[in-house]
There are 2 protein chains.
Amino acid sequence: MLHNRVKELRARFGFSQGELGERVGVTRQTIGFIEKGDFSPSITLALKLAREFEVKVDELFWLEGDKSQ
Amino acid sequence: MLHNRVKELRARFGFSQGELGERVGVTRQTIGFIEKGDFSPSITLALKLAREFEVKVDELFWLEGDKSQ
DNA sequence: ACATAATGTATACTATACTTAACATAAAGT
DNA sequence: ACTTTATGTTAAGTATAGTATACATTATGT
């Protein structure tokens, strides 16, 4: 099971779903689906999101029960 | 453009493509394709690979021209 | 020389990420 | 009251991740 902090960080940066989507090259629905946990994005998109929020991918996405690192 | 160090780290750990695939739950062909750069895996698979090699996702996959962090 | 294990590659198939379009709701501004 | 902006959600479509099967090549061991 995959978890993420996209919604939290997006709020912190004051982006709308549409704005964030535009910045990383996807639609607002895609951002919405990711926040909802509906699917596991590609590593390419995950890297772009992490870059946008200036965090490491591992801080943005993690697997259930994976406290490693 | 996405780059990765899967082949290098797999060699360092002495895994065959088949073994590594088994450990992270995909086929050997999928590992082969990733090493070749044929496609961008899901963040879920990327997290499992990083966990296997005990590195952060960002150290295993990165975007072309992205020296950040 | 033969067998086995690992890899490269190709094709067809299935699963899922992601898009497009649409409609509904709520909040904020005029 | 009306408009605008942001979000939730759904359904149908397209693109691509990932599987299954198969065959060829290379390296290693006997």
Side-chain angles (χ1 to χ4, degrees):
Chain A
M1 182 60 183
L2 184 68
H3 291 91
N4 74 79
R5 284 174 45 205
V6 172
K7 189 165 193 166
E8 171 199 342
L9 285 166
R10 179 174 63 78
R12 185 175 306 174
F13 278 73
F15 295 147
S16 69
Q17 293 182 340
E19 262 179 308
L20 178 58
E22 212 175 314
R23 296 175 80 102
V24 299
V26 296
T27 63
R28 76 169 182 90
Q29 283 87 341
T30 296
I31 301 296
F33 283 137
I34 292 172
E35 290 184 355
K36 241 183 94 188
D38 270 7
F39 56 59
S40 169
S42 68
I43 177 67
T44 297
L45 178 50
L47 285 163
K48 288 178 183 170
L49 287 167
R51 183 172 57 186
E52 205 60 44
F53 295 140
E54 297 172 329
V55 296
K56 290 191 183 297
V57 170
D58 305 72
E59 296 167 43
L60 192 53
F61 293 93
W62 65 94
L63 295 171
E64 171 102 12
D66 203 358
K67 323 279 185 202
S68 62
Q69 300 182 44
Chain B
M1 183 61 184
L2 184 68
H3 290 91
N4 74 79
R5 286 174 43 205
V6 172
K7 189 166 193 166
E8 172 199 343
L9 284 167
R10 178 174 63 79
R12 185 176 306 176
F13 277 73
F15 296 146
S16 69
Q17 293 182 338
E19 262 178 307
L20 178 57
E22 212 175 313
R23 296 175 80 103
V24 298
V26 296
T27 63
R28 76 170 182 88
Q29 284 85 342
T30 296
I31 302 296
F33 283 139
I34 291 171
E35 290 183 354
K36 244 182 91 188
D38 269 7
F39 57 59
S40 169
S42 68
I43 178 68
T44 296
L45 178 49
L47 284 164
K48 288 178 182 169
L49 288 166
R51 184 171 56 186
E52 204 60 45
F53 294 141
E54 298 172 329
V55 296
K56 290 190 184 293
V57 170
D58 305 72
E59 295 167 44
L60 192 53
F61 292 93
W62 65 93
L63 295 172
E64 171 101 12
D66 203 358
K67 322 281 185 203
S68 62
Q69 299 181 46

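Letters A, B, ... mirror the listed sequences (proteins, then strands); counts begin at 1.
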Problem set entry | Gap separating the CG atom of B/N4 from the CG atom of B/L9, nearest 0.5 angstrom | 9.0 Å
For this session: Sugar-phosphate atoms are those with a prime plus P, OP1 and OP2; base atoms are the rest. Using that split, label each nucleotide of nucleotides 12-30 of chain D B, S or - for protein heavy atoms under 4.0 Å, 5' to 3'.
Result: -----SBBSBB--------
Exercise. Between B/K56 and B/E59, is there a side-chain N and carboxylate O pair less than 4.0 Å apart?
Worked result: no
Exercise. Once you round it to whole Å, what is the distance between P of C/dT20 and CD of A/Q17?
Worked result: 16 Å
For this session: Compare side-chain N and O positions of A/K7 against OP1 and OP2 of D/dG8 and report whether any pair is under 4.0 Å apart.
Result: yes
For this session: Please report, rounded to the nearest Å, how far the C1' atom of C/dT9 is from the CD1 atom of B/I31.
Result: 16 Å
Exercise. What pairs with B/E22 under side chain to side chain donor-acceptor pair (under 3.5 Å), at least two apart in sequence or on another chain?
Worked result: none
For this session: Find out if a path of hydrophobic residues (ILVMFWY) with successive side-chain heavy-atom gaps under 4.5 Å connects B/I31 to B/F53.
Result: yes
For this session: Whole angstrom is fine here: how far is it from CD in A/E22 over to P in D/dT7?
Result: 13 Å
Problem set entry | Inter-end axis angle, the helix from C/dA1-D/dT30 to C/dT30-D/dA1, with every axis fitted to five base pairs (rounded, 10 degrees) | 40°
Exercise. Any side-chain heavy atom of B/E52 within less than 4.5 Å of one from B/F15?
Worked result: yes
Problem set entry | Atom-to-atom span, CD1 of B/I43 to C1' of C/dA17 - whole angstrom | 14 Å
Problem set entry | Side chain to side chain, B/T44 and A/F61, heavy atoms closer than 4.5 Å | no
Exercise. Atom CD of B/Q17 and atom OG1 of B/T30: how far apart are they, to the nearest 0.5 Å?
Worked result: 10.5 Å
Problem set entry | A/F33 and A/F39 aromatic ring geometry - parallel, tilted or perpendicular at 30°/60° bounds | tilted
